[in-house]
Amino acid sequence: MVHDRTYDSIVIGAGHAGTEAALAIARAGYQVLFITMNLDSICQMSCNPAIGGLAKGHVVREIDALGGEMGLAIDHTAVQFRMLNKSKGPAVWAPRAQADKKEYVHYMKRTVEHEANVDLKQDQAVEILVRDGRAIGVRTLMGAEYHAQTVIITTGTFMRGLIHVGDVNYPGGRGGDPPSLGLSDSLKKLGFEVVRFKTGTPCRLREKSINFSVCEKQPGDQNPEPFSFRTEKLNLEQMPCWLTYTNEKTHEIIRKNLHRSPLYTGRIEGIGPRYCPSIEDKVVKFADKKRHQIYLEPEGRDTEEFYVNGLSTSLPQDIQIEMVHTIKGLENAELMRFGYAIEYDCMPPTQLKHSLETKRVENLFFAGQVNCTSGYEEAAAQGLMAGLNVIRKLKGKEPFVLDRSEAYIGVLIDDLVTCGTNEPYRLFTSRAEFRLLLRQDNADERLMKYGHEFGLISYEVHTKHVAHRHKVAEEIEKLRKTKVENTTLDKMLRRSECNLKSFSDNGLYSSVFDEVTSRKIEWDIKYEGYIKRQLADVEKFKKWEKRKIPGSLQYSDIPSLSREATEKLSKIRPESIGQASRIPGVSSCDVSILQVYLAKLARVSPR
């Protein structure tokens, strides 16, 4: 059946990427068909029940500043908030929150259902419809054919998903859900490269079977900070997490049963995440470690399930039980769900432009774990950016691209489309060259103007934000002008032992701002010299980014360019000299040759 209605966009998959994409496009006034295999699993937390963390927390703040939903969702549904890395410098402070995972799903489902421009359908897309090199719609498992101006694929781990527990394997997109079949074959027929990756999840335990008295309590922050710049106050009773450890007995059981792990018997073909390895991997690769941390995290207020963070595994069920019972506090633990590994199809992201539109098929976008990434936050960021670029596409405007100096989201996407990845990609603060400028506390300053331009941040919120920034600037200027014993307060504040609270306690200064804003003022002054140096580096970076490369350039025509550089440049087709310089295998010598060639072309080209 061919539907006679044409949508502005079709979004396939209702995970964190798909939901952000659909909401952004719809809130900009466009009609969206949102297809998911299960209406009750919108933004399901398939793995850990948490949002944020190192670098990921920065990304959530950036999503929020751009007008996305994730920050608001976790503020409404969290059971615990913590600011990580507070003993370190401000660039790596990172917010993290434990979620009530069922309430998070309910919140997102309500939000999507209440969005007037979203047409929500439970079905399965099996084929992308293409005409004259452009995506025009999808065909579904139920035989329906829908047409649209743009299509976004956000299928997560569902494409040809295969679940492994010991020597048992069965098709599934995650535990309890069927896989998506047909879509990856459709993409292969269109000429896309498809690879096989793997991820996993740990078991879940019954709360009343855990002996918490011998575990280390991990409470939330006394004065928790919300994720969203639009959340004025948090109202919640926080729940604790708990810390315990594996031991030599645990490790011995794992070593003795590696022959029963599909990861080590060759039954799993996919490449797994280096930075979130299974417990089998940790025991083998870090054989000198006598113990590994295990975090026990509540999955919600109205459930007894506890997530066992750090114990991801695909070992058989009997070995999982034996292994868990060797851990302190878990000697009598009841396993409610067993851990498993999952293999799935995904698309190497070097097939994308920075807008997340595919190079091969116009009006077709990929976002989320299908782009070889891991993590809810990375997925949501890509979904939002794909949605914003669909809006630009529908308006006939240039793509919306954040560069590496503007946002962690810019770092994420540039890493993916420029360098690709041979394992599930995870974002870290160390990946950002300008991380002192990209703090979690200033994401609103960096990005809220864009959210407002897209109509996703209201006039009232944006006006309040601008007024607050002006007040902060006035306060910093006041500190520069106030002298104490011939020294201005801003110079005194640069001393390691000084802070605004000490000034206030000594009657030197009084502030009208809250703790969070006062801390930001302090950071801006203390790190002013470093920030100026990074801003100078940003100017150099932007000069390279402005040196554009013609899309039609034939790299094989460039004399003296190395063979590897020719192959890599021809495949990635960088948009600028800056991007070309970041491609693995392209040397500084290759970049110089490229610049000389482009300069020569510019001199001989007709005006």
I'd like to know if [X] and [Y] make a salt bridge, using a cut-off of under 4.0 Å between side-chain N and carboxylate O.
X      : Y      : answer
Glu515 : Lys520 : no
Glu378 : Arg426 : no
Arg96  : Glu377 : no
Glu280 : Lys285 : no

Assess whether side chain to side chain contact (heavy atoms under 4.5 Å, CB included) is satisfied between Leu456 and Leu23, documenting all intermediate values.
-> CA-CA 9 Å; Leu456 303 183; Leu23 288 174; over 6 Å; no
In this structure, are over 12 heavy atoms from other groups packed under 6.0 Å from [X] atom [atom1]?
X      : atom1 : value
Asp288 : CG    : yes
Lys478 : NZ    : yes
Arg301 : CZ    : yes
Asp514 : CG    : yes
Arg337 : CZ    : no
Gln222 : CD    : no
Lys102 : NZ    : no
Glu248 : CD    : yes

Gln579, Lys542, His354 screened by side chain to side chain donor-acceptor pair (under 3.5 Å) with Asp403, the one that passes |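 Answer after filtering Gln579, Lys542, His354: Lys542.
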Does the [X] side chain pair with the main chain of [Y], one donor and one acceptor, at a distance under 3.5 Å?
X      : Y      : result
Glu474 : Arg469 : no
Thr303 : Glu299 : no
Trp93  : Lys88  : yes

How long is the gap from [atom1] on [X] to [atom2] on [Y], to the nearest 0.5 Å?
X      : Y      : atom1 : atom2 : value
Leu236 : Phe81  : CG    : CZ    : 6.0 Å
Asp537 : Lys532 : CG    : NZ    : 14.5 Å
Leu500 : Lys526 : CG    : NZ    : 8.5 Å
Ser278 : Leu315 : OG    : CG    : 8.0 Å
Arg435 : Gln534 : CZ    : CD    : 8.0 Å
His468 : Thr463 : NE2   : OG1   : 14.5 Å

So, is the end of the Arg431 side chain (NZ or CZ) under 6.0 Å from the ring centre of Tyr425 and within 45° of the ring's axis?
->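 Yes - Arg431 lies over the ring of Tyr425, closer than 6.0 Å to its centre and within 45° of its axis.
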Quick one: is the NZ or CZ of Arg204 closer than 6.0 Å to the six-membered ring centre of Tyr307, and within 45° of its axis?
->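 No; the conditions do not both hold, so Arg204 does not lie above the ring face of Tyr307.
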Residue set satisfying salt bridge (charged side-chain N to carboxylate O under 4.0 Å, His left out) with Glu252, at least two apart, ordered chain then number -> Arg255
Minimum-distance pair of heavy atoms, taken over all atoms of [X] and [Y]:
X      : Y      : result
Val370 : Cys346 : O-CB, 3.2 Å
Cys47  : Thr201 : SG-OG1, 3.6 Å
Phe197 : Asn422 : CZ-C, 3.6 Å
Ile525 : Asp490 : CG2-O, 3.4 Å
Glu423 : Thr421 : O-OG1, 2.5 Å
Leu234 : Pro226 : CD1-N, 3.5 Å

Side chain to side chain contact (heavy atoms under 4.5 Å, CB included) between Asp444 and Arg61, worked out = CA-CA 8 Å; Asp444 56 337; Arg61 286 270 168 89; over 6 Å; no
Hey, does [Y] have a side-chain heavy atom less than 4.5 Å from the side chain of [X]?
X      : Y      : answer
Glu69  : Asp64  : no
Asp414 : Arg582 : yes
Gln320 : Cys203 : yes
Met385 : Gln382 : no

Show your working on side chain to side chain contact (heavy atoms under 4.5 Å, CB included) between Leu54 and Leu84 and close with a plain yes or no.
-> CA-CA 7 Å; Leu54 307 183; Leu84 307 182; 4.2 Å; yes
Could you tell me how the ring of Tyr376 sits relative to the ring of His16: parallel (under 30°), tilted (30 to 60°) or perpendicular (over 60°)?
->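 The arrangement is tilted - the two ring planes meet at 30° to 60°.
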Could you walk me through whether Gln98 and Tyr295 pass the side-chain hydrogen bond (donor to acceptor under 3.5 Å, both in side chains) test, one step at a time?
-> CA-CA 12 Å; Gln98 294 295 139; Tyr295 281 95; over 6 Å; no
Would Glu225 and Arg519 count as a salt bridge (charged side-chain N to carboxylate O under 4.0 Å, His left out) if you check the C-alpha gap in whole Å, the side-chain angles of each, and the deciding distance to 0.1 Å?
-> CA-CA 13 Å; Glu225 299 174 24; Arg519 187 175 65 214; 2.9 Å; yes
Table please: side-chain donor-acceptor pairs of residues 207-215 below 3.5 Å, with sequence neighbours left out.
unit_1	atom_1	unit_2	atom_2	d
Ser209	OG	Arg206	O	2.7
Ser209	OG	Glu334	N	2.8
Asn211	OD1	Ser213	N	3.3
Asn211	OD1	Ser213	OG	2.5

Could you go step by step and tell me if Asp75 and Ser228 meet the side-chain hydrogen bond (donor to acceptor under 3.5 Å, both in side chains) rule?
-> CA-CA 7 Å; Asp75 285 349; Ser228 176; 4.5 Å; no
Give me the one residue out of Phe227, Tyr104, Tyr107 that meets ring pair (Phe, Tyr, Trp, His ring centres under 6.0 Å) with His76.
-> Tyr107
Check: His292 ring centroid to His251 ring centroid under 6.0 Å | yes
